[in-house]
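In this text the structure is predicted, and so the values were computed from the model without any measurement. Numbered from 1 within each chain, the chains take letters A, B, ... in sequence-line order.
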There are 2 protein chains.
Amino acid sequence: MPTISDVARAAGVSMSTVSYVLSGRRPISAETQARVKAAIAELGYHPHAGARALASSRTSVLALVVPLRVDVSVPVIMQFVTAVVTAARTYNHDVLLLTKDEGTAGLERVAGATMVDALIVMDVERDDVRIPALGRLKQPSVLVGLPDDAAGIACVDLDFAATAAECLRHLAGHGHRRIALVGPSPAVYERGTTYASRFLTGFTDAAAELGLETVAHPCGPGPAGVRECLAAIDAELPEVSALVVHNEEALPPLLEELRTRGRRVPADLSIVAVCPRDVAVGLPVRLTSADIPAHDVGTLAVETAMNLLDGRRTPGTRLLPPTIVERDSCSSRD
Amino acid sequence: MPTISDVARAAGVSMSTVSYVLSGRRPISAETQARVKAAIAELGYHPHAGARALASSRTSVLALVVPLRVDVSVPVIMQFVTAVVTAARTYNHDVLLLTKDEGTAGLERVAGATMVDALIVMDVERDDVRIPALGRLKQPSVLVGLPDDAAGIACVDLDFAATAAECLRHLAGHGHRRIALVGPSPAVYERGTTYASRFLTGFTDAAAELGLETVAHPCGPGPAGVRECLAAIDAELPEVSALVVHNEEALPPLLEELRTRGRRVPADLSIVAVCPRDVAVGLPVRLTSADIPAHDVGTLAVETAMNLLDGRRTPGTRLLPPTIVERDSCSSRD
DNA sequence: AGCGTTCGTCGAAGCGCTTCGACGGTGGGG
DNA sequence: CCCCACCGTCGAAGCGCTTCGACGAACGCT
C-alpha cells in the first residue's frame, strides 16, 4: 500500500502538497495538481482512513441505528436504509450500521471511539432513553421520528397528523361521512412510537373539522386481529362506508376478510391505506394510498446530518408533507 | 475526550501498560490492572478507533455489501443483515454497509482506505466481476452464494440442490408422483444468481433418482406471471398433484389464483415452498416449507470471516443443509 | 552463590495523515 | 523603485495508539 509520501516522491513534491491537492484546502497550481494526480493514479494510492481520522478528527462515516424486529414494516426500513446509504455516498460518507438492541451503549461506543461524524437514529420512541445519551455526545445526531422532547436534537419524519387529515379529506371529498380508522397494533401504541398517536390525533381533529362520524381502533396481528378490529368498529359505528388503514401488516388479511364477507372494495367499502407505494400496488386491489416516503425521509436525514456537520443552522424538526395517490380502492358515495 | 496517556497518568503507569491491559497481549499484575481499569472507568476513556487502526492496522469493522433492489426478497436480506451485525458484535466488530450498486469501486474504496478488516458480499452472481476485485484486496472476504469460480474465496450459502431434493423427497413420501417446480422469475436466471440453477439442478436430479414426473418453469412477477407459469406447467405435464414453489413473491398471487380456480390447498394440490419461516406462516394457508435460514447463513459468514482474520484455515465453501418444516399445505396422495 | 528465566513494566519509535507557520517569488500600488 | 500582499509550496509538529526491545526484580536451578 503506497502512502502519501510515496505519492509525494513520485510527483516530486512534498507530502503537504499532496494533501492539499486532495483536500483542496489551499491553492495548488494546475501543473502540480496534474502531476500529483497522475502519481496517485499510477500508484493506486488510497488515503488511510484511520490516519486521516486521527489527524483531522473527521471520519467520513455516519452511524445509522435501525430497529431489529419491530412493528415498523421491513420494506420501509429497507427503503430507508438504502436511501441513507445512497445519500451518504453523495456526500462521500459511508454508513456504519448499528442495531437498536444495543441501546445507548452502541451509540456511546461508536461516538466515544470517534468512529463516526454523526448519528442517525430510527424508530425513536416518545420518551426514548437514547435522547439524553445522544445529547452527551460530541457528534451531532438526527432522529427519525418525533419524541415528546427532542432536547434540541434535529428530527425528521413524515407529517403523520397532516397525513391523517389528508386521508379524511380525500374520503370526504368522495362523499363519505362515516369513516373508521384501522390503526397499528396495540403494541405500537404501547411502545410509544409517536407516529401512531400523531396519526390518531390528526385523524380525530380533522374528523371534527370536517364534521365526519368516525371511530378509531388498533388492529392486532393476523386474521384474528383484523376480525376483532372490524367487530369493534362495527359495534361502535355501524355501516361505515370507508376505512383508513394505517397498518401495513393488516392489509392482506383485511382484504381477505372483506372478500370472504362478500364486501367489495371499493363498491361496498372504500379504503385509503397508509403505506409505501409498492405495498399499495402489490395487493389484489390497487390501493389508493398516502405514501410513506421512506426514501425521502432517509435522504433528508442525511442532508440534515451534513448541515449539522457543516455548522449550518438547521430547523429543529422537518416534517414532510403527505402525498395521496389515487388508485382503485376508493369510490364516490352517491 | 481523555487519551490513553491521561489514563496512564491517572493510574500511575505508562501508556504501554494501559495498552497491554486493554489488549491482554502481555501479562499485567492484577493490582495494576485494577488501577488502570478504575482510571478508565472514572475518566470515561474510549480508545480512538482511528489511532488504533493506524497503529495496529486492524479496524474492528466488517464491510457488508447488500443488494439494493433485487429479486432477492427483502425480508431475507433484512434477516441476513441483522444476523451479520449481531454476529459481528459478538466478535467486537462493527459493520459498514455498502450497496451492490457501487460495484467494485466500493470494495476497492473501503479496502484501499483500510476502513475494514474483511468483507462479506451478498448476492454473488455466476461470473461476478467483483470476485477478481476481491482477490486483489489485502483483506479477506466471504461470498454469500456460489459463483462458478470462487477463485479461492470462501463461500457460504444454503445448499439449494439438497433443498430441492429434500422438497421432492418430502412430496414423494406423501405419494406424489407428478410434481411441478414454480421457479424464480426469469430475471433471476438471467442475472446469473446461481441459487436458481442450483435448485433446478437438484430438482431435476432428484426427480430422476426418485422416478418422478416433473416440470420446471420460471414464474414472472404478479398474478399475470403466476397464470402464465401455471398454464405452461399444465401444458407440459397435466394434472400435477403437487407444487414446489421456489419464489417468495409468487406465493401470495399463486394462492389467490388457486383459490379463484377452486383448487384447494392441500386437498386438491399440495405445496412445498422455499422461503423463510415467517413468510410460510404469514399466508392464508400455513405452508409446509424448506426454510431459508438467512440468520444462520449470516452468522456463518461472520464466523468464516473471523476465522480468516485469525489465519485459521477454513473450508472454501460451506453449504448449510436444508430443513423442511411440515405445516398445512401438504396432503398424502392415497 | 551464581546463572538463566520469567514476570511486569517502561520508553520510544513509528503508523499515515492534516495543518500551521514560514518562505521565496511574483505582481501591483504608492 | 520599493514594499506589501498574495500565491504556491515546504517542513515539521502533532493526532492517539500499538508494539518491540530493554530492564530490574524475583525466582528456581545447579
Checklist outcome for this item: Considering only heavy side-chain atoms of A:S16, the closest of C:dT9, C:dG16, C:dT19 is C:dT19
Next on the checklist: For a side-chain contact (heavy atoms from CB on, under 4.5 Å) check, start with the C-alpha distance between A:L309 and A:H93, then their side-chain angles and the critical distance, and finish with the verdict.
Outcome noted: CA-CA 12 Å; A:L309 284 177; A:H93 278 245; 4.2 Å; yes
Item to check | Separation of C:dG16 P from B:M115 CE (nearest whole Å) | outcome: 17 Å
Item to check | Rounded interatomic separation in angstrom, taking CE from A:M15 and C1' from D:dT9 | outcome: 14 Å
Checklist entry - Just to confirm, is there a sub-4.0 Å distance from OP1 or OP2 of C:dC10 to any side-chain nitrogen or oxygen of B:T17? => result yes
Next on the checklist: In whole Å, I'd like the distance from the CD1 atom of A:I4 to the P atom of C:dC15.
Outcome noted: 14 Å
Item to check | Upstream residue (5' side of DNA chain C) when B:A55 and B:V13 are each assigned their closest nucleotide | outcome: B:V13
Item to check | Atom pair distance, as rounded to whole Å: NE2 in A:H48 and C1' in C:dT18 | outcome: 15 Å
Next on the checklist: Walk me through whether A:T32 and A:R35 qualify under side-chain contact (heavy atoms from CB on, under 4.5 Å).
Outcome noted: CA-CA 5 Å; A:T32 305; A:R35 257 184 305 138; 3.6 Å; yes
Next on the checklist: If you compare every side-chain N and O of B:T3 against the phosphate oxygens of D:dG16 (OP1, OP2), does one of them come in below 4.0 Å?
Outcome noted: no
Checklist entry - Counting only non-hydrogen atoms, which of residues 18-26 of chain A are less than 4.0 Å from DNA chain C? => result A:S19, A:Y20, A:R25, A:R26
Checklist outcome for this item: Which of D:dG14, D:dC17, C:dC10 is nearest the side chain of B:P47? It is D:dC17
Item to check | Distance in angstrom units between A:E31 CD and D:dG8 P, rounded | outcome: 10 Å
Checklist entry - So with a 6.0 Å cut-off around CZ of B:R318, is the heavy-atom count from everything else above 12? => result no
Checklist entry - Do B:K100 and B:E125 sit within salt-bridge range, that is, some charged N less than 4.0 Å from a carboxylate O? => result yes
Checklist entry - Among C:dC17, D:dG11, D:dG16, which is the nearest nucleotide to the side chain of A:S14? => result D:dG11
Checklist entry - Can you tell me how far P of D:dG16 sits from CD1 of B:I40, to the nearest Å? => result 16 Å
Checklist entry - C:dT19 phosphate, OP1 or OP2: any side-chain N/O from A:R58 under 4.0 angstrom? => result yes
Next on the checklist: Show, in sequence, the C-alpha distance, side-chain angles and deciding distance for B:R89 and A:D101, and conclude whether the side-chain contact (heavy atoms from CB on, under 4.5 Å) test is met.
Outcome noted: CA-CA 11 Å; B:R89 288 301 307 138; A:D101 66 339; over 6 Å; no
Item to check | Nearest-angstrom distance from the residue atom CE of B:M1 to P of D:dC17 | outcome: 11 Å
Item to check | Residue pair A:D278 / A:Q79, side-chain heavy-atom distance below 4.5 Å | outcome: yes
Checklist entry - With respect to the phosphate group of C:dT18, does any side-chain polar atom (N or O) of A:S56 fall under 4.0 Å of OP1 or OP2? => result no
Checklist outcome for this item: Distance col, row A:D94:CG vs A:L62:CG, nearest 0.5 angstrom, shows 9.5 Å
Item to check | A:S5 vs C:dC17: side-chain N/O to OP1/OP2 distance below 4.0 Å | outcome: no
Item to check | Axis bend over the full length of the helix from C:dA1-D:dT30 to C:dG30-D:dC1, computed from five pairs that close each end, to 10 degrees | outcome: 40°
Item to check | Nearest-Å distance for atom pair CG/P, residues A:L54 and C:dG16 | outcome: 12 Å
Checklist entry - Hey, mind stepping through A:I131 and A:V124 against side-chain contact (heavy atoms from CB on, under 4.5 Å) and telling me if it holds? => result CA-CA 9 Å; A:I131 294 175; A:V124 175; 4.2 Å; yes
Item to check | Between CG on residue B:L300 and CG on residue B:L158, distance to nearest 0.5 Å | outcome: 11.5 Å
Next on the checklist: Under 4.0 Å between a side-chain nitrogen and a carboxylate oxygen: does that hold for B:R58 and B:D117?
Outcome noted: no
Checklist entry - Does A:R52 place a side-chain N or O at less than 4.0 Å from the phosphate oxygens OP1/OP2 of C:dT18? => result yes
